[in-house]
There are 2 protein chains.
Amino acid sequence: MERKLKDYNPEYCPVIYSLNKIGDRWKLLVIHYIRKGNLRFGALQNVIPNVSRQTLTNKLRELEADGIINRTVYAEVPPRVEYNLTELGVSLLPIINEMSKWGLKYMRP
Amino acid sequence: MERKLKDYNPEYCPVIYSLNKIGDRWKLLVIHYIRKGNLRFGALQNVIPNVSRQTLTNKLRELEADGIINRTVYAEVPPRVEYNLTELGVSLLPIINEMSKWGLKYMRP
DNA sequence: CCGCATCCTGGGAGATACTG
DNA sequence: CAGTATCTCCCAGGATGCGG
């Protein structure tokens, strides 16, 4: 189980709540890349640098449990699974947009 | 040394850059609370749940090295040290604001 | 009060092999 | 293809004591 700040924070504040949902580099990257159209497990693995299948799986499960993404299995051969942002997931995009804007502005090579 | 996604990411993207600077729950919390007026080391330690001195020290150093906060030492007895956001630090506030807004809207007790 | 030096531990993450 | 199951490793972070 993931240890969360919530567990021992007396003055629970919104920022901490958000951090507990997405304050994890992997999760933000997953959301970011799903938004960009990388919907399949393999696609995500290719585009996110150095994620192991294991970790990617875990993060996808957590995001699903938090209602941020949907998982759709297509009964095909070979099997196909697609992930999509839920409404809640979409509501996170402004945060990622702000981060993206900041990165663009202040990034130095 | 902190292992950064940057080190092994072929397609370097702004979101990842931002993540490398602040994609760490402690750092965001530090920025958040400095903004709220908790400028002293002790104040930060009191207000951030369960940070050890060590960790807080490290994060403050990293933030300082990244030009996000300033450190001012007052030659008093007892000693006093204050941290302030630099211009670069202030430029991060929109991100935190978005996170705060999101938390307020979707937080369930 | 602030914070460095040490030591130590837990659990996040990688590697690998195996299934439907 | 898209996972699960295991095992291992590593280091971020906690605890503690000292020093300016």
Side-chain angles (χ1 to χ4, degrees), chain A residues 1-9 16 19-30 33-34 37-66 69-84, chain B residues 1-9 16 19-30 33-34 37-66 69-84:
Chain A
M1 284 306 95
E2 192 180 358
R3 189 83 178 289
K4 307 199 180 216
L5 280 172
K6 176 181 181 179
D7 296 337
Y8 39 75
N9 183 27
I16 294 180
L19 277 172
N20 280 331
K21 293 298 181 189
I22 53 163
D24 175 318
R25 54 201 335 137
W26 296 127
K27 288 187 187 176
L28 270 180
L29 284 177
V30 167
Y33 283 117
I34 288 180
N38 302 280
L39 308 182
R40 304 183 57 177
F41 187 92
L44 286 169
Q45 206 184 356
N46 288 334
V47 80
I48 300 179
N50 292 60
V51 220
S52 62
R53 268 173 301 176
Q54 190 59 64
T55 302
L56 185 53
T57 301
N58 290 148
K59 296 307 170 183
L60 287 168
R61 292 290 165 278
E62 291 175 17
L63 288 170
E64 199 186 351
D66 280 339
I69 60 175
N70 280 324
R71 180 169 182 269
T72 313
V73 182
Y74 296 88
E76 301 175 357
V77 178
R80 183 162 60 102
V81 177
E82 282 191 2
Y83 295 93
N84 285 282
Chain B
M1 286 303 97
E2 193 180 358
R3 189 82 178 289
K4 307 200 179 211
L5 280 172
K6 178 182 180 178
D7 297 336
Y8 39 73
N9 183 28
I16 294 180
L19 278 172
N20 280 331
K21 292 298 181 190
I22 52 161
D24 174 318
R25 57 202 332 138
W26 296 127
K27 288 187 187 176
L28 271 180
L29 285 177
V30 168
Y33 283 117
I34 287 180
N38 302 280
L39 308 182
R40 304 183 57 175
F41 187 91
L44 287 170
Q45 207 185 356
N46 288 333
V47 80
I48 300 179
N50 291 61
V51 219
S52 63
R53 270 174 300 170
Q54 189 57 64
T55 302
L56 185 53
T57 301
N58 290 148
K59 296 308 170 183
L60 287 168
R61 290 293 160 275
E62 291 175 17
L63 288 170
E64 199 187 352
D66 280 340
I69 60 174
N70 279 325
R71 180 168 184 268
T72 313
V73 181
Y74 296 89
E76 303 174 356
V77 177
R80 183 160 62 100
V81 178
E82 283 191 4
Y83 295 93
N84 286 282

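From a predicted model like this one, the values you see are computed outputs, not experimental measurements. We name chains A, B, ... by the order of the sequence lines, and we start the count at 1 in each one.
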Q.
Just N and O in the side chain of A:Arg71: are any of them under 4.0 Å from OP1 or OP2 of D:dA2?
A. no
Q: Check whether any side-chain heavy atom of B:Leu63 sits under 4.5 Å from a side-chain heavy atom of B:Ile34, and report yes or no.
A: no
Q. Can you tell me if B:Thr57 uses its side chain to pair, donor with acceptor, with the backbone of B:Arg53 under 3.5 Å?
A. yes
Q. Would you say D:dG3 has OP1 or OP2 under 4.0 Å from some side-chain N or O of A:Tyr83?
A. yes
Q) When the distance from CG of B:Asn46 to C1' of C:dC1 is rounded to whole Å, what number comes out? A) 12 Å
Q.
Please report the distance, rounded to the nearest Å, between CD in A:Glu82 and C1' in D:dC1.
A. 13 Å
Q | Rounded distance (Å) that lies between atom C1' of C:dG14 and atom CH2 of A:Trp26 | A | 10 Å
Q) For D:dG13, does OP1 or OP2 lie under 4.0 Å from any side-chain N or O of B:Lys59? A) yes
Q: State the CD1-CZ distance between A:Ile69 and A:Arg61, to the nearest 0.5 angstrom.
A: 8.0 Å
N/O-N/O pairs, protein side and nucleotides 16-20 of chain D side, under 3.5 Å:
| from | atom 1 | to | atom 2 | distance (Å) |
| --- | --- | --- | --- | --- |
| D:dG17 | O6 | B:Arg53 | NH1 | 3.1 |
| D:dG17 | O6 | B:Arg53 | NH2 | 3.1 |

Q) Which nucleotide in the list D:dC1, D:dG3, C:dA13 gets nearest to the side chain of A:Pro78? A) D:dC1
Q. Between the main-chain N or O of B:Tyr33 and the side-chain N or O of B:Asn38, is there a donor-acceptor pair closer than 3.5 Å?
A. yes
(Q) Checking contacts here: which listed nucleotide (C:dC2, D:dA2, D:dG14) is nearest the side-chain heavy atoms of A:Arg40? (A) D:dA2
Q | Rounded interatomic separation in angstrom, taking CD from B:Glu64 and P from C:dG3 | A | 9 Å
(Q) Once salt bridge (charged side-chain N to carboxylate O under 4.0 Å, His left out) is applied, do any residues pair with A:Arg80, and if so which ones, sequence neighbours excluded? (A) A:Glu76, A:Glu82
Q. Between A:Arg80 (CZ) and C:dG20 (C1'), how many Å, whole number?
A. 18 Å
Q. Closest nucleotide of DNA chain C for A:Val51 versus for B:Ala43: which of these residues is on the 5' side?
A. B:Ala43
Q) Which distance, rounded to the nearest 0.5 Å, do you find between the CZ of B:Arg71 and the CG of B:Asn84? A) 12.5 Å
Q) From B:Arg25 CZ over to A:Ile16 CD1, what is the distance, rounded to the nearest 0.5 angstrom? A) 9.0 Å
Q | Whole angstrom value for the distance that separates C1' of C:dG12 from CG of A:Leu56 | A | 15 Å
**Q.** Spacing of B:Leu44 atom CG relative to C:dC1 atom C1', expressed in whole Å
**A.** 13 Å
Q) Rounded to whole angstroms, how far apart are CZ on B:Phe41 and P on C:dC1? A) 12 Å
